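For reference, the structure is listed below as structure tokens.
Fair warning: this is a prediction, and the values are worked out from it, not measured in the lab.
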Amino acid sequence: MAWTWRYEAADGSVITPAEEAEDFPGQGDAESWIGEEWKQLLEQGIEKVALLDDGREIYTMSLRES
């Protein structure tokens, strides 16, 4: 299994991040990484992310604080 993030603009269009997207061995690893990197992603214009497990969307979330 490969856990990855899909990066999206506010309108839902997919954005390619400045750095190559990472694959993670588990969901917890992917979630820990996004918890550390979300501010830098926002600076790149990424508004939402979707967690994928082997390409299957698990959930989508905004990077903006509620």
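- Contact between Glu22 and Trp33 at its shortest, heavy atoms only, is OE2-NE1, 3.2 Å.
- Taking NZ from Lys48 and CH2 from Trp5, the interatomic distance works out to 14.0 Å, rounded to the nearest 0.5 Å.
- The shortest non-hydrogen separation linking Tyr59 to Gln27 is CE2-NE2, 3.9 Å.
- Closest of all the heavy-atom pairs between Tyr7 and Val49 is CD2-CG1, 3.8 Å.
- Among all heavy-atom pairs drawn from Arg6 and Thr60, the shortest one is NH2-OG1, 4.4 Å.
- For the pair Ile15 and Gly45, the tightest heavy-atom approach, listed with the atom from each and the gap, is CD1-O, 3.3 Å.
- Residues Met61 and Val14 are members of separate hydrophobic clusters, defined by side-chain heavy-atom contacts under 4.5 angstrom among Ile, Leu, Val, Met, Phe, Trp and Tyr.
- Trp3 places no side-chain N or O within donor-acceptor distance of the main-chain N or O of Leu51, the cut-off being under 3.5 Å.
- In this structure, CD in Glu8 is found 10.0 Å from CG in Leu63, a value given to the nearest 0.5 Å.
- Across all non-hydrogen atoms, the minimal contact from Asp11 to Ser13 is OD1-OG, 2.7 Å.
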Before giving the answer on side-chain contact (heavy atoms from CB on, under 4.5 Å), spell out for Glu47 and Leu42 the whole-Å C-alpha distance, their side-chain angles and the decisive distance to 0.1 Å.
CA-CA 6 Å; Glu47 294 284 330; Leu42 266 175; 4.1 Å; yes

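- For the side chain to side chain contact (heavy atoms under 4.5 Å, CB included) with Leu41, the lone residue among Gln44, Glu43, Lys39 that qualifies is Gln44.
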